[in-house]
Number of protein chains: 6
Amino acid sequence: MLTHFNEQQRARMVDVSHKEPTERTAVAKSRVVMKPATLQTIEQGKISKGDVLAVAQVAGVMAAKKTSELIPMCHPIFTTGVDLAFEKTADDTIEIKATVKTVGVTGVEMEALTAATAAALTIYDMCKSVDPDMVIGPTYLVRKTGGKSGDYVRTPEKG
Amino acid sequence: MLTHFNEQQRARMVDVSHKEPTERTAVAKSRVVMKPATLQTIEQGKISKGDVLAVAQVAGVMAAKKTSELIPMCHPIFTTGVDLAFEKTADDTIEIKATVKTVGVTGVEMEALTAATAAALTIYDMCKSVDPDMVIGPTYLVRKTGGKSGDYVRTPEKG
Amino acid sequence: MLTHFNEQQRARMVDVSHKEPTERTAVAKSRVVMKPATLQTIEQGKISKGDVLAVAQVAGVMAAKKTSELIPMCHPIFTTGVDLAFEKTADDTIEIKATVKTVGVTGVEMEALTAATAAALTIYDMCKSVDPDMVIGPTYLVRKTGGKSGDYVRTPEKG
Amino acid sequence: MLTHFNEQQRARMVDVSHKEPTERTAVAKSRVVMKPATLQTIEQGKISKGDVLAVAQVAGVMAAKKTSELIPMCHPIFTTGVDLAFEKTADDTIEIKATVKTVGVTGVEMEALTAATAAALTIYDMCKSVDPDMVIGPTYLVRKTGGKSGDYVRTPEKG
Amino acid sequence: MLTHFNEQQRARMVDVSHKEPTERTAVAKSRVVMKPATLQTIEQGKISKGDVLAVAQVAGVMAAKKTSELIPMCHPIFTTGVDLAFEKTADDTIEIKATVKTVGVTGVEMEALTAATAAALTIYDMCKSVDPDMVIGPTYLVRKTGGKSGDYVRTPEKG
Amino acid sequence: MLTHFNEQQRARMVDVSHKEPTERTAVAKSRVVMKPATLQTIEQGKISKGDVLAVAQVAGVMAAKKTSELIPMCHPIFTTGVDLAFEKTADDTIEIKATVKTVGVTGVEMEALTAATAAALTIYDMCKSVDPDMVIGPTYLVRKTGGKSGDYVRTPEKG
């Protein structure tokens with residue numbers, strides 16, 4: 001009559017009450033691969049829904065702030081800085097780099113990954129009527145600093 | 001003195017007031033590539049944050065409902081069905097398939113892509129302490145039906 | 001190598017694409033049981049955080065609109081009407097009745113239950129410094145109309 | 001012992017279940033009055049937080065979608081189109097015009113006013129370090145169409 | 001001509017700027033009473049919407065993070081830990097226990113109560129097609145620690 | 001092939017990781033100008049949607065907590081206190097004064113402006129069926145304290 005459900009596999013937001021706040025940074029990258037003609041249309045500012053990268057940038061910053069609403073076991077955190085950069089790394093590729101900072105007890109990897117992803121999804125949304133074949137990713141953590149587990153740097157960076 | 005700003009490049013939510021509602025479906029896929037040992041730990045139910053795929057599934061369904069909050073120019077839509085499936089397609093890979101349905105005037109590609117992505121980010125979150133090198137994606141639209149632009153099927157499906 | 005995870009127990013938002021929209025109503029009740037002195041303080045308008053029932057009413061209406069964000073597998077719905085009523089049913093009890101209406105393909109039981117619950121939680125919040133022993137509930141569906149499963153009326157109403 | 005609270009003054013989301021959906025449009029305006037030098041800095045693209053009007057435009061569109069979360073008794077609605085335009089109407093004034101469309105049972109006045117306001121607040125946010133004296137408004141409805149109460153046009157338009 | 005409205009009864013978020021952050025915990029309980037057959041169906045994993053308790057657990061954790069959006073005068077807070085446990089305390093009853101932690105200037109009673117309630121509502125949602133008579137509650141605070149008002153323990157615990 | 005997009009005009013959430021937390025206050029004002037008869041109807045409690053100022057007050061407090069969701073580059077912040085006051089400053093004018101406090105690294109000007117604005121929009125919403133000509137604003141910052149840039153007081157206060 002007194003059965004505990006799910007004891008072993010219980011999902012929870014892990015207790016971080018005793019961790020010390022430190023300054024933390026995380027950098028994540030994603031990319032959108034598209035037809036070269038689509039990328040040219042973006043560069044020429046001729047996508048009918050508007051300036052694709054300006055909108056994607058705002059989407060990325062705002063998504064960083066929404067991370068703990070999207071990722072169930074993610075702790076809420078105060079982002080103290082968010083920066084999104086776009087680079088044309090091939091004639092069919094826009095690379096997205098998201099840098100997120102905080103001073104807190106948990107890392108901001110998820111915020112950086114979420115920001116990069118939301119920017120990529122926004123590029124897809126704004127261009128999908130002309131190029132539904134676009135592919136998002138790979139998306140990955142590049143590096144993080146701060147916290148007691150030490151710094152992390154992907155080696156070598158995933159191409 | 002009467003300068004219109006931004007006339008050419010103005011971002012906007014495109015007017016769909018005159019489109020007829022139809023039944024629509026979209027299927028998107030993403031994947032998370034990880035160490036084979038990480039995938040085994042997931043399968044054994046030993047990730048300390050909880051049952052990874054159960055949480056990722058809920059995250060995906062809830063993210064589908066949040067799509068228009070994340071993607072700036074995306075129309076709000078009533079999702080009438082959301083289904084997330086996970087498959088182990090290699091000893092280091094979990095593939096995520098999100099199927100979203102609606103009856104409405106705009107497609108649900110973004111909802112399917114957002115659901116698949118949120119599920120992938122959740123897998124990353126729950127396993128990142130044991131495997132920060134995990135890579136998300138490629139993420140892409142597999143097919144969609146409904147709407148006047150006709151059905152779409154990716155050919156061949158991106159591997 | 002091709003294992004399908006979770007096939008049997010997969011959580012999903014059930015597909016309602018083929019259901020016909022009908023007018024629907026749901027009524028739910030909750031209650032807050034408190035010290036009689038606490039209820040008198042509410043009636044006298046002397047709770048320092050403000051007019052308790054005015055705030056609880058707004059909280060209930062706004063929570064009805066947030067239902068599908070809180071309940072994972074709940075379909076989003078357009079509430080066409082929300083009404084919260086409070087009644088003193090004993091010298092230690094405020095009963096909350098939430099009535100929610102929509103025209104749509106799914107019922108609004110969850111919206112009514114969520115509205116009643118949020119109003120109850122708000123009463124607790126505003127009075128907890130003077131009476132932390134307050135108890136919320138029972139909370140239950142009183143009746144619903146509309147939809148093909150027919151009308152529902154609790155018999156007899158739970159006291 | 002059976003006192004009904006608040007019967008007369010009860011706040012509620014008014015029942016619109018029996019209204020017929022029609023196409024509806026609303027146009028609202030706001031403005032931000034600032035130092036002429038601030039407006040020049042915006043035009044030159046030299047505000048350090050980024051392209052002010054591009055960000056304000058996205059903020060306005062996204063806020064239109066959040067209206068029913070902000071305005072307690074406002075019905076949720078599907079915006080089918082949102083467009084924000086900016087005009088320099090004096091050397092110290094940016095006028096904001098928001099146009100919102102829907103097909104539904106309630107008007108979109110609040111969505112248009114909220115969009116214009118959020119864009120104005122965003123301009124303030126991005127320029128406040130150089131010009132905290134900026135003033136927002138007047139903000140007002142210019143016109144609306146659709147619905148049984150007939151069309152509305154402000155006469156003469158508020159200067 | 002200079003009437004101040006509502007001076008006495010003004011609702012406000014009470015100023016806590018001068019309170020010192022301390023570690024705080026709150027535990028709340030709720031329950032769902034249902035037909036014994038419904039509880040058996042949950043235990044057998046045969047509810048068609050999915051694994052009821054896995055979904056309810058995620059709903060509870062995510063709702064804890066949304067508390068200040070739902071409860072109007074509640075301060076925003078960083079939850080540092082959230083844990084939901086389910087226990088079958090009778091053949092017709094699932095008891096829900098929510099434990100929430102923070103380091104901050106306000107307590108987390110509302111977060112614990114909201115988490116327990118959202119889990120209960122989710123159980124109702126997932127099982128309502130087979131058992132609409134389910135009853136939620138009583139819902140109450142079990143104990144809290146931290147803060148200058150001292151620890152609280154309900155005595156005796158409400159059955 | 002390696003073009004950096006948008007380098008000059010990139011929108012970003014400015015890094016405040018190295019700023020020291022201080023106690024901060026901001027006061028903003030807005031107003032709603034209406035027909036004198038409308039204001040009398042509000043005072044008599046006869047607006048059919050409910051007690052206008054009670055709802056507007058709750059809307060203002062809740063909007064303060066949503067500020068960083070609405071204003072794209074705004075940092076999330078913990079509001080430690082929010083207070084909304086209404087004053088009848090002419091027979092056609094309700095003035096709204098919002099006071100927001102925090103202990104943090106960024107100011108709360110935007111929170112105060114957003115709270116005042118949301119209260120004004122709510123007054124418009126609740127009275128628009130009787131007086132669509134109402135005008136909101138001017139809306140402006142009255143003063144702020146805290147932070148290294150020193151205190152700010154508008155001189156003379158905008159009428």
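Source: prediction; values computed, not measured. Proteins get letters first, then strands, A, B, ... in listed order; numbering begins at 1 in each.
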(Q) Quick test of your reading of the model: are B/Lys88 and B/Glu95 salt-bridged, counting only N-O distances below 4.0 Å? (A) no

Q: Would you mind checking if B/Lys144 and B/Asp151 are paired as a salt bridge, meaning a charged N to carboxylate O distance below 4.0 Å?
A: no

Q: Could you please state which residues from residues 76-83 of chain B sit under 4.5 angstrom from chain D, measuring non-hydrogen atom to non-hydrogen atom, sorted by number, or 'none'?
A: B/Pro76, B/Ile77, B/Phe78

Q | Other residues, nucleotides, ligands: >12 heavy atoms within 6.0 Å of B/Lys128 NZ | A | yes

Q) In terms of heavy-atom pairs under 4.5 Å, which option from D/Val61, D/Val100, D/Thr99, D/Val103 contacts chain B the most? A) D/Val61

Q | Flag, side chain of B/Thr38 to backbone of B/Met34, donor-acceptor distance under 3.5 Å | A | no

**Q.** B/Thr25 (side chain) donor-acceptor with B/Lys101 (main chain) under 3.5 angstrom
**A.** no

Q | Which portion of B/Val16 sits near chain D, non-hydrogen atoms under 4.5 angstrom | A | both

(Q) Can you tell me how far apart CZ (B/Arg24) and OG1 (B/Thr145) are? Round to the nearest 0.5 Å. (A) 9.0 Å

Q: Find the distance between CD1 (B/Ile94) and OG (B/Ser30) and round it off to the nearest 0.5 Å.
A: 11.0 Å

